[in-house]
Amino acid sequence: MKGFLLALVFSCGLTTAFAQHSNEATNLKNLRMYQDSLRMLGKKFVNNADDMERKNANYQFIRTFVRALRVPHSFNFTFDSLKMVSILNSPDSRFRIFTWPVMNQDGSYRYFGTIQMNTGDRLLMFPLEDYTPLIKNPQDTVTDNRKWYGAQYYKIVRVPASRPYYVLLGWKGNNVKSTKKVIEVLSFDRDDKPVLGMPVFAGDKQRKNAKRIIFEYTRQASMLLRYVPDENLIVFDHLAPPDEKMKDRPETFGPDLSYDGFRLQNGQWQFVENLDMRNIPQAADEGFVDPKIQSRLDKKAVPLRKHN
């Protein structure tokens with residue numbers, strides 16, 4: 001009798017294991033199929049010359065993407081062929097964030113994205129809705145995922161403060177004249193809902209009580225903004241106008257060959273001026289694809305270009 005029971009238990013265990021393996025294989029197959037569709041739609045919203053076609057492709061992309069994320073355990077699928085989308089996993093694996101831009105007809109951009117929480121087989125996500133034109137003072141405003149200051153993020157840093165939060169470095173193509181970069185702060189409230197913006201920046205007289213840091217500069221220039229982990233430092237180019245007459249026109253600003261930064265101290269980011277870059281480890285910025293040239297990269301397989 002004992003032998004029969006053991007055999008029955010063993011048989012049930014094999015059946016369960018086989019079913020789980022079969023489900024995992026089916027989920028992976030479905031995710032790969034969704035990824036193929038998403039890659040094709042992504043090429044359209046990046047490369048199509050017609051403004052309406054780009055937007056229609058993006059809306060189809062969003063619907064397909066949500067279906068993909070609803071597949072059980074989708075959090076573990078990398079979507080690594082979606083080169084037009086930035087995908088960042090939080091260092092503690094609590095969530096990951098997807099962001100991407102779609103260019104408007106006038107050369108400006110609208111941003112899209114979502115935060116997917118790591119919840120196993122069920123989907124918990126917070127769509128990011130670009131509210132940029134309606135935020136009057138974006139540097140001084142705390143928002144949520146429904147009123148997002150849109151950007152495409154390329155770096156995430158977890159800060160283990162008394163109230164842990166995350167710093168996001170992002171590129172924000174602005175318009176035909178200027179580009180922006182952003183230091184965003186992401187945290188979660190008591191209900192585990194995302195909060196964007198936090199007064200954690202100190203010592204910068206020009207940005208008192210800032211909830212996020214925004215840089216604007218001419219589209220013809222390139223700006224350094226990166227995190228140096230060994231130094232607990234965010235370093236960036238100091239931007240300046242070409243002459244004093246243009247001090248109120250940030251679309252003319254460019255790097256002046258000096259560097260400033262924010263150094264992490266007791267959970268706050270303290271502003272530091274005139275950094276000596278000779279003492280800071282040099283590393284390339286994270287590879288980041290300019291959406292306007294994605295099709296050429298796919299066709300020619302040339303190295304990825306970084307955003308300016």
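All values derive from a computational prediction rather than experimental measurement.
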### Query
To the nearest 0.5 Å, what is the distance between CD (Glu129) and OG1 (Thr143)?
11.5 Å
### Task
Go through the side-chain N and O atoms of Thr141 and Asn137 and say whether any donor and acceptor fall under 3.5 Å apart.
no
### Message
Checking the side chain of Asp237 only, and the main-chain atoms of Leu239 only, is there a donor and an acceptor separated by less than 3.5 Å?
### Response
no
### Query
Taking the side chain as C-beta and beyond, is there a heavy-atom pair between Val167 and Ile234 under 4.5 Å?
yes
### Message
Quick check: Phe95 with Phe188 (ring centres under 6.0 Å apart)?
### Response
yes
### Task
Verify the ring-centre separation between Tyr131 and Tyr149: is it less than 6.0 angstrom?
no
### Task
Return yes if some donor-acceptor pair links the side-chain N/O of Lys177 with the main-chain N/O of Asn174 below 3.5 Å, else return no.
no
#### Entry: Asp80, CG: over 12 other non-hydrogen atoms inside 6.0 angstrom
yes
### Summary
d(Trp269 CH2, Phe262 CZ) to nearest 0.5 Å is 10.0 Å
### Query
With hydrophobic residues grouped by side-chain heavy-atom distances under 4.5 Å, do Tyr59 and Met84 end up in a single group?
yes
### Task
State whether the side chain of Arg219 and the backbone N or O of Asn175 hold a donor-acceptor pair below 3.5 Å, judged by distance alone.
yes
### Joint hydrophobic cluster, Leu169 plus Ile214, side-chain heavy atoms closer than 4.5 Å
no
### Query
When the ring centroid of Phe65 is compared with that of Phe98, is the distance short of 6.0 Å?
yes
### Query
With a distance cut-off below 6.0 Å to the six-membered ring centre and an angular limit of 45° from the axis, does Arg263 pair with Phe271 as a cation-pi contact?
no
### Query
Of the non-hydrogen atoms in Ala68 and Leu31, which two are nearest, and what is the gap between them?
O-CD2, 3.3 Å
### Query
Hey, what do you get for CG (Asp189) to CZ (Arg163), rounding to the nearest 0.5 Å?
7.5 Å
### Task
Check Met246 against Phe253 and note the closest heavy-atom contact, atom names and distance.
O-CE1, 3.4 Å
### Message
Taking the ring centre of each residue, are Trp171 and Tyr153 less than 6.0 Å apart?
### Response
no
### Donor-acceptor contact below 3.5 Å, side chain Tyr165 vs main chain Val200
no
### Query
Do Ser74 and Gln116 get their side chains close enough for a donor-acceptor pair, meaning under 3.5 Å?
yes
### Message
Within this structure, what is the CD-NZ distance for the pair Glu24 and Lys29, rounded to the nearest 0.5 Å?
### Response
16.0 Å
## Note on the structure
Closest non-hydrogen atoms of Arg54 and Val102, given as atom of the first, atom of the second and distance, are CB-CG1, 4.5 Å
### Query
Looking at Asp192 and Phe126, what are the two nearest heavy atoms and their distance?
O-CZ, 3.5 Å
### Message
Taking the six-membered ring of Phe201 as reference, does the cationic atom of Lys208 (NZ for Lys, CZ for Arg) lie under 6.0 Å from its centre and within 45° of its axis?
### Response
no
### Side-chain heavy atoms of Arg122 within contact of Leu124, under 4.5 Å
yes
### Task
Walk me through it: do Phe45 and Phe61 pass the test ring-ring contact (aromatic ring centres under 6.0 Å, His included)?
CA-CA 9 Å; Phe45 74 63; Phe61 181 95; 5.2 Å; yes
#### Entry: Pair Gln152-Thr99, side-chain donor/acceptor within less than 3.5 Å
no
### Query
So do Leu88 and Arg96 actually touch side chain to side chain, heavy atoms under 4.5 Å?
no
### Task
Would you confirm whether the ring centroid of Phe79 sits within less than 6.0 angstrom of the ring centroid of Phe77?
yes
### Message
Do Glu53 and Lys44 have side chains that approach each other closer than 4.5 Å (heavy atoms only, starting at C-beta)?
### Response
no
### Query
Same hydrophobic cluster for Phe75 and Leu128, using side-chain heavy-atom links shorter than 4.5 Å among ILVMFWY?
no
### Main-chain N/O of Lys147 paired to Asp144 side chain as donor or acceptor, under 3.5 Å
yes
### Message
Does Leu257 have more than 12 heavy atoms from other residues, nucleotides or ligands lying within 6.0 Å of its CG?
### Response
no
### Task
Of all the heavy-atom pairs spanning Leu123 and Val66, show the shortest one and how long it is.
CD2-O, 4.4 Å
### Query
Between Asn118 and Ser93, is there a donor-acceptor pair closer than 3.5 Å when you use the side chain of the first and the backbone of the second?
yes
#### Entry: Exercise: do Thr218 and Glu251 side chains pair donor with acceptor under 3.5 Å
no
### Query
Quick one: does Asp51's side chain have a donor or acceptor within less than 3.5 Å of a partner on Gln105's backbone?
yes
#### Entry: Working for side-chain contact (heavy atoms from CB on, under 4.5 Å), residues Val142 and Met198
CA-CA 7 Å; Val142 175; Met198 185 186 292; over 6 Å; no
#### Entry: Min side-chain heavy-atom separation Pro194-Leu186 under 4.5 Å
yes
### Task
Please answer: with hydrophobic residues joined when any side-chain heavy atoms are less than 4.5 Å apart, are Ile213 and Ile135 in the same cluster?
no
### Message
Does Gln270 form a side-chain contact (heavy atoms from CB on, under 4.5 Å) with Gln265? I'd like the steps, not just the answer.
### Response
CA-CA 7 Å; Gln270 187 68 37; Gln265 296 179 354; 3.9 Å; yes
### Message
Could you check whether any side-chain N or O of Asn145 sits under 3.5 Å from a backbone N or O of Pro127, counting only pairs where one atom can act as donor and the other as acceptor?
### Response
yes
### Query
Honestly, is Arg67 close enough over Tyr34, meaning NZ or CZ under 6.0 Å from the six-membered ring centre and within 45° of the axis?
no
### Message
Please determine whether side-chain contact (heavy atoms from CB on, under 4.5 Å) holds for the pair Arg226 and Val228, giving the CA-CA distance in whole Å, both sets of side-chain angles, and the decisive distance to 0.1 Å.
### Response
CA-CA 7 Å; Arg226 69 178 178 89; Val228 184; 3.4 Å; yes
### Message
Quick one: does any side-chain atom of Arg212 pair with a main-chain N or O of Val185 as donor and acceptor, under 3.5 Å?
### Response
no
### Query
Should the pair Asp130-Arg110 be classified as a salt bridge under the 4.0 Å nitrogen-to-oxygen rule?
no
#### Entry: Rounded distance [0.5 Å steps], CZ in Arg158 versus OH in Tyr166
5.0 Å
### Task
Side-chain contact test, heavy atoms from C-beta onward, threshold under 4.5 Å: evaluate it for Met223 versus Phe215 and give yes or no.
yes
#### Entry: Cluster check Tyr227, Val182: I/L/V/M/F/W/Y, side chain < 4.5 angstrom
no
### Task
Check Pro255 against Ser222 and note the closest heavy-atom contact, atom names and distance.
CG-O, 3.3 Å
### Message
Keeping Asp106 on the side-chain end and Ser108 on the backbone end, is there a donor-acceptor pair under 3.5 Å?
### Response
yes
### Task
Report yes if the side chains of Ile87 and Ile97 come closer than 4.5 Å at any heavy-atom pair, otherwise no.
no
### Query
Does one side chain, of His238 or Asp256, offer a donor that lies under 3.5 Å from an acceptor on the other?
yes
### Query
Hey, does Thr114 have a side-chain heavy atom less than 4.5 Å from the side chain of Leu69?
yes
### Message
Using 0.5 Å steps for rounding, measure from the CZ atom of Arg63 to the CG atom of Leu41.
### Response
9.5 Å
### Task
Quick one: do Val46 and Met103 satisfy side-chain contact (heavy atoms from CB on, under 4.5 Å)? Show the steps, please.
CA-CA 8 Å; Val46 169; Met103 190 172 67; over 6 Å; no
